[in-house]
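Every chain is numbered from 1, with letters handed out A, B, ... down the list of sequences. As a basis for the values below, the full set of heavy atoms in this structure was taken, side chains included, without hydrogen atoms, waters or symmetry mates. Note that the structure is predicted; figures quoted are calculated from it, not measured.
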Amino acid sequence: MRRLLVVAALACLGIMLLYTIGRMPPMNSGSTPDKTHVVPRYLEHGEEEGGAPNIITSVILNYRGYDTMGEVTVIFSALCAVVALLDREKRGRSRSAADISKVKSSVIVRTVVRIAVPVIILFAVYTILHGETSPGGGFQGGAIVGASIILFTLAFGLPESTDRMPLGARIPMESSAMLAFLAMGFLGLAFGVEFLTYALPGIHGQATETIRMLMLMVVEIGIGVAGGIIFISIVFAMIREDRYELQPDIP
Amino acid sequence: MGKVTSSVLPSIIVFTPWLTLLVAALWARSRPRTSRGLYTAITVATGLLILPMYGIALDGGVVRQHLVRVVPGIDLAFRIDTVGFYFGLLLAVLWIAAGVYSLGYIHERHTRYYCFLALNLSFCLGVAFSANMFTLFIFYELMSLATYPLIIHEETALARRAGLKYLIYSISAGAVILAAVLMQYFYGDTLSFLGHGTLSLAKVSKPVLLTIFSVYMLGFGVKACIMPLHGWVPDAHPAAPAPASALLSGVLLKVGAFGIIRVLYDVFGIKLLRELGVGLPMLYVASFTIIVASLFAIPQTDLKRRLAYSSVAQVSYIILGLFLLSPDGAVGGLLQIAHHAFMKGTLFLCAGIIIHETGKRDIADMEGVGSKLPLTMMAFSIAALAMMGTPATCGFITKWELGLGAIQAHRGYFIVVLLISALLNAVYYLPIVYLAFFKSKETIKFSKRETRPSMLIPTLVCGVMVIVLGIFVTVPGLPYSLVKVVVNAVF
Amino acid sequence: MNLAARQPVLLVAVPLVFAATCPLWGMWKRRICFYWALGGMSVTAFLAWSLIGKVSQKAPLTYNVSGWRPPWGIQIRIDTVGLLLACTITAMSILLLLYSYRYVEKEIPTQRIVYYYTLLLLIFTAMLGCSVTGDLFNFFVFMEIFSITSYALVAISGERRAIRAALKYLLMGATSSLTVLLAISFLYSVTGSLNMVDIGQVLERMGRTSSPYLPVAAAAMIFFIAGFCVKAAVFPVHVWLPEAHSIAPSPVSALLSALVIKMGVLGIIRTLFTVYGRGFSSFSEVWGALATVLSWAAALSIPVAAIMAIMQTDLKVMIAYSSVVHVGYIVLGISVLSVQGFAGGLFNIVAHAMGKGCFFLVAGIIIYKHGFRRIDDLKGLGRSMPVTAGAFAIASLSIVGLPPSAGFIAKWNILYGCLQQSQYIQVVLALFGSMLSAVYCFKVVYYMFFTGSNVGAKMDEGPMTMLIPVTLLAAGTVFFGIFSALLMPTLSNAARVLLAR
């Protein structure tokens with residue numbers, strides 16, 4: 001009975017989705033509402049107003065920077081959740097972590113990883129910092145950093161990578177990333193303009209541009225750090241807790 | 001019409017009993033005896049506070065107090081008119097009697113008992129002094145809840161079952177009344193009591209008015225124990241401790257009747273009720289209740305259970321009187337509120353003394369109780385005679401007025417109901433008196449310590465009142481003078 | 001620098017700063033976190049409460065973040081509904097934090113306490129963000145934050161069944177979030193805007209020109225309501241609620257029941273009235289049908305959930321089902337489309353927050369002191385814990401909807417609203433449900449006060465930091481029952497504006 005209901009509900013959902021998608025504005029037309037309402041201003045003035053030649057970055061960090069601050073908070077919340085729920089400090093140095101370190105990968109893998117990781121990280125830094133002008137940005141760069149460290153961990157084991165990337169540093173780094181974002185927001189207030197405004201008044205000429213760029217960069221780095229850490233933390237937690245034993249129910 | 005005065009007195013009166021909670025919090029553990037004395041003193045003080053209103057009430061005047069606006073258009077407000085004053089005074093007197101009586105009767109869980117006794121007084125006074133249906137409903141619901149701890153005071157299995165039954169009945173009734181109040185507000189635009197009906201056929205269609213009326217009757221009928229809704233009464237009365245039973249029967253059932261009075265005189269008005277033609281059906285229902293409840297009382301072997309069924313029958317006298325829709329009938333109905341309170345109060349208090357002193361609850365065991373507790377049983381006999389409507393007791397006055405009312409309303413045949421009821425009353429009360437006094441093997445001896453004075457004195461006072469109200473009917477200050485004012489204003 | 005004009009954004013940014021720094025303090029000294037969180041929420045509460053009187057539904061307080069005018073930027077838009085929720089959230093947050101002080105020491109693993117306070121701060125921030133935002137996507141972002149934090153908070157005790165409940169909650173919650181996101185993207189594809197008011201205007205234009213994309217907007221509306229209904233635990237998609245709310249640590253249960261499910265209600269209000277209400281006359285039959293379906297689901301949920309609550313033997317599960325009952329009342333009030341009913345629904349948000357908060361906190365004190373969860377075990381607690389049990393008794397008046405409590409005022413207005421719209425069956429269902437509510441509430445009161453003792457009659461109360469919130473909440477239900485006029489006229493005005501079409 002229950003299963004039938006679920007199937008029926010899913011069928012309804014599917015039919016509705018198909019119906020709606022069938023009636024959506026065509027993707028390839030330039031005159032549909034989604035391209036004529038707010039987008040023109042982004043495209044026309046995005047660079048000068050938003051401060052980034054990459055319009056996407058302009059929208060993400062400037063026009064809708066408040067949303068992005070929310071996204072970083074999502075990441076921060078997720079990290080807190082991961083650390084609170086999956087970490088078993090003190091009792092840790094767990095057996096499974098030791099097991100992983102015993103499983104040595106082959107020399108070839110280790111050598112390739114050893115050479116590749118610095119390059120990948122370099123590319124990540126490029127992605128983060130250059131997100132302003134070309135495709136990329138904090139989220140993408142963060143993901144690449146995370147991926148590189150995960151790769152390293154798979155090759156060398158958890159102890160090796162936690163030596164380089166201490167677990168205790170996750171929370172302070174994540175907090176600092178968020179605080180950096182918030183600081184940029186409050187900087188606007190301190191200068192008497194709105195929250196999260198990058199174009200600060202009272203500074204003239206080229207300096208405005210530079211300061212705006214610096215502020216955008218701080219935000220991008222913050223996002224990158226936040227994004228990288230959450231990836232790493234989740235994977236670390238999975239490795240450490242791959243034989244996660246639930247605490248018994250308290251009756 | 002009397003004048004309207006504004007005063008803070010109503011809320012002072014209503015909230016004075018709350019001092020009991022304060023006393024309980026401060027001294028209940030450290031000085032139990034003193035605090036119990038104070039509880040009674042607070043009840044007396046409440047009664048004394050009501051008295052200054054007497055002059056205004058006798059003139060048909062009104063004392064108003066606005067408390068707070070709850071919802072736009074609906075206020076929490078007090079308004080003491082003559083009916084309210086009459087009822088409030090009765091409440092205070094009976095509460096003082098029950099409070100003093102409780103000093104001797106209650107032996108455990110004092111704090112909870114006295115606190116809820118006081119809260120109950122407060123809420124009942126709130127009902128009596130409400131200025132609109134909303135306020136009345138609020139206090140009515142609180143009163144319903146606060147009665148529960150009194151019913152299950154003894155915490156026996158019997159009491160628990162009775163308490164549960166009581167709760168189910170009264171909470172359902174509460175929801176029904178709420179529906180009625182909502183409908184009244186929706187169709188009538190006001191909930192205020194103005195001394196005349198606020199609904200009219202001009203604004204609202206007849207079926208709707210009939211619905212509102214019957215929903216109200218259904219709701220208030222539970223407390224006023226109109227026959228199919230009386231189920232909780234015979235269980236709750238025997239379960240509760242005697243002073244609480246006396247209050248339940250003497251006053252709390254009347255709170256339901258008081259609600260009906262408000263519905264009659266301040267929501268619909270006599271004229272509209274005549275137009276709707278609801279008088280006769282309600283008369284039949286009331287008559288049915290009077291006769292059938294009396295019949296049910298006869299086979300009961302438990303003394304308090306028999307008294308409870310008698311209460312069911314007697315409260316319907318009030319309904320009968322009110323729905324005759326004639327002045328004399330209304331006088332009879334309203335008088336019955338006070339008169340029955342004293343009669344049934346006496347009976348329950350006596351039953352309490354019997355249970356307390358002899359441990360006997362079964363009527364068959366009453367043999368010779370009269371020789372052991374002569375004063376108590378004399379009071380019992382007087383009240384029993386009054387129940388039958390013997391002249392020179394207050395029961396006669398009510399029946400007389402009701403009879404007059406029936407004739408006045410051209411429905412003389414309802415006198416037959418009164419006569420049958422009197423007969424049935426005799427059938428179930430006289431055997432008790434007979435057993436107590438005349439099947440005695442010992443001689444009657446007035447021992448000094450029949451029972452504790454704190455229990456005996458309130459009982460005897462109530463017993464004396466039964467006679468006083470039957471003889472000095474028209475003395476100003478006694479119910480008749482107030483009831484006349486009410487009825488003159490309404491008709 | 002004129003901070004007063006920036007108050008709307010500070011309302012979100014300030015607690016966020018406190019949340020971001022909280023774990024840093026925790027690395028130094030764990031104990032500081034509590035004071036930090038309490039301080040942060042006090043400041044936020046001041047920010048929120050000082051806005052009272054400066055805001056109305058017709059003239060909301062707006063703030064353009066980063067200085068971009070809507071629809072290009074994100075606008076914070078505090079109307080009466082938003083402020084009502086913001087004030088409720090901040091007030092409750094202080095009480096809940098105070099309560100947590102002693103509770104977490106016993107019930108939560110020590111190393112998690114820091115994150116417990118951080119997550120609490122985050123969830124409060126996120127709910128504030130939702131309440132005050134005027135942007136649909138921003139609403140979604142903050143919704144994600146409070147969803148993620150609430151999954152974590154449910155599981156934070158680490159018990160096996162807590163994690164199972166959190167997983168169920170996560171699956172339902174994530175699905176609903178996805179539904180809402182889908183709806184937002186549908187709506188964006190046909191309007192090109194994310195600002196709620198602006199979308200309303202665009203839809204109005206689309207209606208006038210009978211745009212071919214209106215069906216997409218209508219479908220989006222259905223997805224919105226479906227998603228938010230899961231968040232609000234409207235019957236019959238309430239299945240995650242009883243487990244999650246009962247197994248979470250008690251202050252978290254109180255938080256989830258009192259505040260988090262109200263965010264789903266807020267979502268319903270925002271979409272039905274701010275986004276679609278204004279210009280959706282061309283699709284009024286879909287709109288009306290949706291409101292009717294909602295009102296029926298809500299009205300049915302009242303007796304059904306009440307019966308489920310009666311059947312429970314576990315105190316917290318029972319309380320959780322009672323939340324479904326009250327969401328039913330709130331949604332009924334909102335969807336019946338009369339001013340008074342709407343105002344009653346809004347009022348019930350506050351009334352239920354206080355009543356249900358008190359219920360869960362009382363259950364928490366009992367668990368803290370005795371470890372009792374079963375209702376049968378509560379025998380005689382009224383003697384040993386008079387304050388706790390007394391608070392429960394008073395709050396139960398509000399939950400049942402008996403006068404003179406806030407719950408009664410809410411019920412009165414909702415029922416009156418139903419009468420105005422001639423929804424007689426809904427009235428009967430709601431009244432019947434409230435009678436059933438009396439059964440499960442008074443059953444507990446009965447066990448506490450009127451039965452033999454299980455734990456002895458000696459006074460054995462919970463700690464002061466737990467008693468104060470409980471007492472204040474219980475007192476609040478009575479206070480707002482008597483002085484409902486402090487709130488009702490404002491709410492009626494708000495309802496009038498929202499319903500004006």
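- Interatomic distance, CG of Asp34(A) versus OG of Ser189(C), reported as 6.0 Å (0.5 Å rounding).
- When heavy atoms are compared at a cutoff of 4.5 Å, Glu174(A) does not approach chain C at all.
- Considering all non-hydrogen atoms of both residues, Gly192(A) and Arg6(C) come closest at O-NH2, 3.1 Å.
- Residues Gly192(C) and His37(A) approach most closely at O-CD2, 3.5 Å, considering heavy atoms.
- Nearest heavy-atom pair, Ala84(A) versus Arg112(C), reported as atom, atom and distance to 0.1 Å: O-NE, 2.6 Å.
- Considering CG of Leu17(A) and CZ of Phe186(C), their distance stands at 5.5 Å, rounded to 0.5 Å.
- Residue Tyr198(A) does not touch chain C at all, counting heavy-atom pairs closer than 4.5 Å.
- A donor-acceptor contact shorter than 3.5 Å links the side chain of Ser175(A) to the backbone of Ala20(C).
- Of all heavy-atom pairs between Val190(C) and Pro25(A), the closest is CG1-CD, 3.8 Å.
- The closest donor-acceptor contact from the side chain of Ser77(A) to the backbone of Ile148(C) lies at 3.5 Å or more, if one exists at all.
- For Leu24(C) against Pro172(A), the heavy-atom pair with the smallest separation is CD2-CA, 3.5 Å.
- Looking at Tyr115(C), its side chain never comes within 3.5 Å of a backbone N or O of Leu85(A) through a donor-acceptor pair.
- Of residues 63-71 of chain A, those residues lying under 4.5 Å from chain C by any heavy-atom pair are Tyr63(A), Arg64(A), Tyr66(A), Asp67(A), Met69(A), Gly70(A), Glu71(A).
- Annotation: maximal heavy-atom pairing with chain A below 4.5 Å, among Val141(C), Thr191(C), Ile74(C), occurs at Ile74(C).
- Of the two parts of Val39(A), only the side chain, counted from C-beta on, holds a non-hydrogen atom closer than 4.5 Å to a non-hydrogen atom of chain C.
- In this structure, Arg23(A) contributes its side chain and Leu214(C) its backbone to no donor-acceptor pair below 3.5 Å.
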